[in-house]
Amino acid sequence: MRTVITFLIVFGVLVIVHEFGHFFFAKRSGILVREFSIGMGPKLIAHMGKDGTTYTLRLLPIGGYVRMAGLEDEETELSPGTPLSVELTEKNEVRRINVSKKVQLPNSIPMELIAADLVDDLTIKGFVNGDESQETIYKVLHDATVIEESGTEVRIAPRDVQFQSAKLSSRILTNFAGPMNNFILTIILFIALAFLQGGVADYNTNQIGSVEAGSPAAQAGMKDHDAIVSIEGKQVHSWEDLTKPVTSSPGKELSVVIEQNGKQKTIEMTPRSVESSGQKVGQIGVTPYLRTGFFDKIMGGLTQSWDMTKNIFSALGSLFTGFSLNKLGGPVMMFKMSEEASQQGVKTVIYLMALLSVNLGIVNLLPIPAFDGGKILLNVVEGIRGKPLDPEKEGLITMIGFGFIMLLMIMVTWNDIQRFFF
């Protein structure tokens, strides 16, 4: 149960932070966000804010989504012959349209729809009260709402508040804002982790941090903040210089020169043998030296975020030189990582969230249709051409990209299932 809760929290926070980036900059750009949902599946709670956005809480606590006007609005398309009801103002203008059988509007007028234009003309035409001898046309208010079949009430999407009507620069920024939020979250999490740990590890010094009680280092006489001068005659200047000979020598006695209280002395220690990734490695029970200053922690969080970003780009590059599904991970791998993190404590969960957040940000910027990076690429093409792509062609490109991603996700998930469970 703890694993499931950890998985839902980590995944939920990452997706909501990502979607909030799109939401915030869409609003700033004058784009109507019709719905901001936390969770997926059946609706539990819905509230329409003064800003015209319907905020919903849904049953399945796995992320969320943002519905922007002009995008993914198939749910609110009204087909001829649809039975509905309209609520009018004192001036006989439509302020609410109800196509849901789950909701009843008092004092509304039943209609059989003939045609509706909720984008440009803002009109709705139909037969009122079953009278097919006369067509009635009503003007629809710009800020009118429609109650969808699911029972969710959202604003209609006139042309001027649609995504495509915003400036090109605003659309690019709105598409970029999701990954940008993930990068910001990564930095915040790594800085928070630095404060929780009491400092930032300095890997460019031969000074150690703490010595584990009862460890080989403690038994050999090492103390907190000692410096390791050399191992087996080789000079030690960094954490890497220390870990290489130690990890490669499980159970083998090493001659180590340390500096303690300003004096150097030679000690003998035997790294204990532990298993890591299926291999036997040596450990002596020391931690890296921590820099504990306030700005050290801030800079440490920034540095760790940048180092993680470089590592991910390096991993992505390796896919082109030697593609393997084992280099990729899907929801199953994320669940397994959550399981391990939940057993190791809050700090490990924070580290996992930071790792996955920067991954989500970078992967979403890949120039693949259906990803944010693919959308930005189409925006750039529009800027070069001076006009947008044909909507049908853009839709086809997006569908092909979506199909590719879904196929890859199925393959990765099946591969993860085989790796972790069989």
Side-chain angles (χ1 to χ4, degrees), residues 2-3 6 190 193-292 296-297 300 303-304 307-308 311 314-315 326 329 333 336-355 419-421:
R2 182 170 58 182
T3 300
T6 301
F190 274 131
L193 195 58
F195 277 91
L196 285 173
Q197 292 174 161
V200 178
D202 186 351
Y203 297 106
N204 297 313
T205 179
N206 64 348
Q207 189 174 5
I208 65 167
S210 61
V211 178
E212 178 188 336
S215 65
Q219 293 172 3
M222 287 192 67
K223 299 179 180 178
D224 294 352
H225 307 312
D226 284 353
I228 297 180
V229 179
S230 65
I231 299 177
E232 290 293 306
K234 293 183 179 180
Q235 294 293 308
V236 174
H237 302 288
S238 65
W239 182 253
E240 184 179 7
D241 294 340
L242 163 64
T243 56
K244 277 187 176 181
V246 169
T247 56
S248 62
S249 306
K252 178 184 176 182
E253 187 176 77
L254 299 175
S255 177
V256 181
V257 177
I258 67 171
E259 183 176 318
Q260 190 175 83
N261 300 324
K263 298 179 180 179
Q264 290 189 5
K265 65 178 182 179
T266 301
I267 59 176
E268 306 295 328
M269 71 174 70
T270 302
R272 62 193 175 199
S273 180
V274 298
E275 188 170 326
S276 175
S277 301
Q279 294 182 329
K280 297 291 185 180
V281 297
Q283 283 185 358
I284 59 173
V286 297
T287 62
Y289 178 74
L290 293 181
R291 295 193 177 277
T292 58
D296 288 325
K297 295 171 185 175
T303 301
Q304 198 165 5
D307 290 341
M308 186 71 71
N311 291 339
S314 177
N326 289 332
M333 175 175 280
K336 291 296 291 183
M337 294 172 70
S338 299
E339 180 181 29
E340 295 174 6
S342 66
Q343 295 171 354
Q344 297 177 34
V346 175
K347 295 177 185 177
T348 307
V349 173
I350 292 175
Y351 180 86
L352 172 64
M353 193 181 295
L355 168 65
R419 276 197 294 172
F420 294 120
F421 299 105

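- Although no hydrogens or angles enter the test, the distance criterion places no donor-acceptor pair under 3.5 Å between the side chain of Q207 and the main chain of A227.
- Every residue two or more places apart in sequence or in another chain that forms a side chain to side chain donor-acceptor pair (under 3.5 Å) with T287 is listed here: S210.
- Applying the salt bridge (Lys or Arg N to Asp or Glu O under 4.0 Å) rule to D307 yields the partners K310; only residues at least two apart in sequence or on another chain are considered.
- Interatomic distance, T205 OG1 to I228 CD1, rounded to the nearest 0.5 Å: 10.5 Å.
- Considering all non-hydrogen atoms of both residues, A194 and K297 come closest at CB-O, 3.8 Å.
- A 4.5 Å side-chain heavy-atom check between L193 and K347 finds at least one atom pair inside the cut-off.
- In this structure, W239 and V286 have side chains that are in contact, with non-hydrogen atoms separated by less than 4.5 Å.
- Counting heavy atoms from C-beta on, the side chains of Q304 and V200 never come closer than 4.5 Å.
- The NE2 atom of H237 lies 9.5 Å from the OG atom of S230; values are rounded to the nearest 0.5 Å.
- In terms of heavy atoms, L355 sits closest to M308 at CD1-SD, 3.3 Å.
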Check the pair Y351 / F190 against side-chain contact (heavy atoms from CB on, under 4.5 Å), numbers first and verdict last. CA-CA 7 Å; Y351 180 86; F190 274 131; 3.7 Å; yes

Check: residues 261-272 side-chain donor-acceptor pairs under 3.5 Å, at least two apart:
| unit_1 | atom_1 | unit_2 | atom_2 | d |
| --- | --- | --- | --- | --- |
| K265 | NZ | Q260 | OE1 | 3.2 |
| R272 | NH2 | E212 | OE1 | 2.8 |

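- Once rounded to the nearest 0.5 Å, the distance linking CD1 of I258 with CD1 of I208 reads 8.0 Å.
- A search for side-chain contact (heavy atoms from CB on, under 4.5 Å) contacts involving P245 returns I231, not counting sequence neighbours.
- Screening residues 226-253 for salt bridge (Lys or Arg N to Asp or Glu O under 4.0 Å), with sequence neighbours left out, gives E240-K244.
- For D202, the salt bridge (Lys or Arg N to Asp or Glu O under 4.0 Å) criterion is met by R291, not counting sequence neighbours.
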